[in-house]
Amino acid sequence: MKIMTCPINGERPISEFYYWGAIKTPPNPDTCSDEEWSDYVFNKNGAPGVKKEFWCHSPSNTWFVAERDTLTDTILTTYLYQGGAK
Amino acid sequence: MPWRLLRFGLSKKHPEPRMFDAPDALKSSYDVVIIGGGGHGLACAYYLARDFGITNVCVLEKGYIGGGNTGRNTTIIRSNYLTPEGAQFYDKSLELWKDLSTEFDLNLFYSNRGHFTLAHTDAAMRTSRWRAEVNKHYGIDSEVVGPDFVKKHAPMINLQCGHHPIMGALYHAPGSVARHDAVAWGYGRGANMRGVEIHQRTEVLGIDTKGGKVCGVKTNKGYIETTKVLSATAGSTPRILKMLDIDTPIFIHPLQAMVSEPLKPWLDTILVSGSLHIYISQSSRGELVMGASLDPYEVHSTRSTLDFPEGLSAQMLDMFPFLSEVKVMRQWAGMADMTPDFAPIMGKTRIDGFYLDAGWGTYGFKATPISGKTMAYTIANDKPHELITAFSSERFKNYELTGEKGAASVGH
């Protein structure tokens, strides 16, 4: 069983967690063009590597950040969101 | 007594001809370089050579032929999709499938089984009716059937399905299965016979461009000059696109599958349940070929997990309780290149001479013939084939997603 560390609840089985996706910063919706917005909504860096992602521990609804290598599926670190994207 | 097998065992030389040559070295230039020696890449090479007379082509494969998603899918062929563009595209593919064994002179074990998409909720029944109406409009054989019809075709089924009683199903009579690796071999042999070179264990390390045009490909076996490159690399697509700095909505999640030990034939249809997230058919060897949903998060590897057979088996026992004593023989995974609208990304890109055949997620195998054919047209004419214009990468920029909800292995 794969284990993930929730910053609040400690080590829990991965099945208790919900994956949201890599953290992206939206452009200002009032000033950006339609193309910039579609780029933000749809496009992503799909290549493997270490990514910062939002995850949620679903029983306690704890949202946090995980740094994970998507090639090896190794979780490097997890912490509560401190603002900012990259 | 299999005498032919005995002859194989006793012979010092390989008594059967090879399916295709293994050339020693790459030439310094080709008219077209195809990255990815799976079904799609080889089919494109085949149709380029057969229909357009373009034979100075090489197919580069990092691993071995058909060892990627071509050999990892659950071999289901159908065309009962929801959107007009999807249904028409896959139906053309189904037409091509029927003749492939004859065309290749190779038995693909193409087997017409009938395909049931089981509905356990009112919402699923509504979607079934919707898909049936779209399908009928385009001349595709689909109809909504009741639980009795399902029971008649799959007598071992438990219609109660645990807490999810079966209310009906979308029945698609043309639904079929085929031997998936043979498809790659058939296309590979056909392309090779016409002059296409297949280079296995040849990895692309970079793609060179000049003034927004493709001019060459770097590989671990040397440099190739070319003006046309097709990427047909499924789960490795983002790695190829990164070489050209192209961002797309494609994201990679593993899709796992498993087979049981061989059983006497008892299931001659293909059953899919969207609510239970499972699908099952019985192969010609008697193994139950089973799949479930995509893994829930991004991973770029073909690792398997124990959660998968555990979850899938629990759901499968709701549908077929008598399987409780049956053993799982093996499991595996493929990297599914998903898109937000469950439709592929095909055609030209912003780089001249770089063509993309990707985003095949959980539905690529059935599309092998038609994607090969339409991509060959697109490359030969430098203009997207009319069947694939809806699948252009531009659709995201223009907010024109396809809204395909007929894809497998994904929740809707």
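Protein chains get the first letters and strands the later ones, always in sequence-line order, with residue 1 at the start of each.
The list of ring-ring contact (aromatic ring centres under 6.0 Å, His included) pairs with a residue in residues 296-315 of chain B, not counting sequence neighbours, reads A/W55-B/Y297.
Proximity to chain A is limited to the backbone of B/P296, based on heavy atoms less than 4.5 angstrom apart. When heavy atoms are compared at a cutoff of 4.5 Å, B/I250 approaches chain A solely by way of its backbone atoms N, CA, C and O. Only the side chain of B/L401 has a heavy atom closer than 4.5 Å to any heavy atom of chain A. In this structure, the portions of B/D247 lying under 4.5 Å from any heavy atom of chain A include both its backbone and its side chain. Contacts between B/K242 and chain A at a heavy-atom distance below 4.5 Å involve the side chain alone, from C-beta outward.
Within a 6.0 Å radius of OH in B/Y399, other residues, nucleotides and ligands contribute more than 12 heavy atoms.
Test A/D73, A/D69, A/T72, A/L71 against B/V299 for side chain to side chain contact (heavy atoms under 4.5 Å, CB included) and you get one pass: A/D73.
When A/E53, A/K2, A/K51 are compared by the number of non-hydrogen pairs under 4.5 Å with chain B, A/K51 comes out ahead.
Between A/A47 and B/E298, the shortest heavy-atom contact is O-OE2, 4.2 Å.
Residues of residues 27-42 of chain A lying under 4.5 angstrom from chain B, judged on non-hydrogen atoms, are A/D34, A/E35, A/W37, A/S38, A/F42 in numerical order.
The shortest side-chain heavy-atom distance between A/I14 and B/T305 does not fall under the 4.5 Å cut-off.
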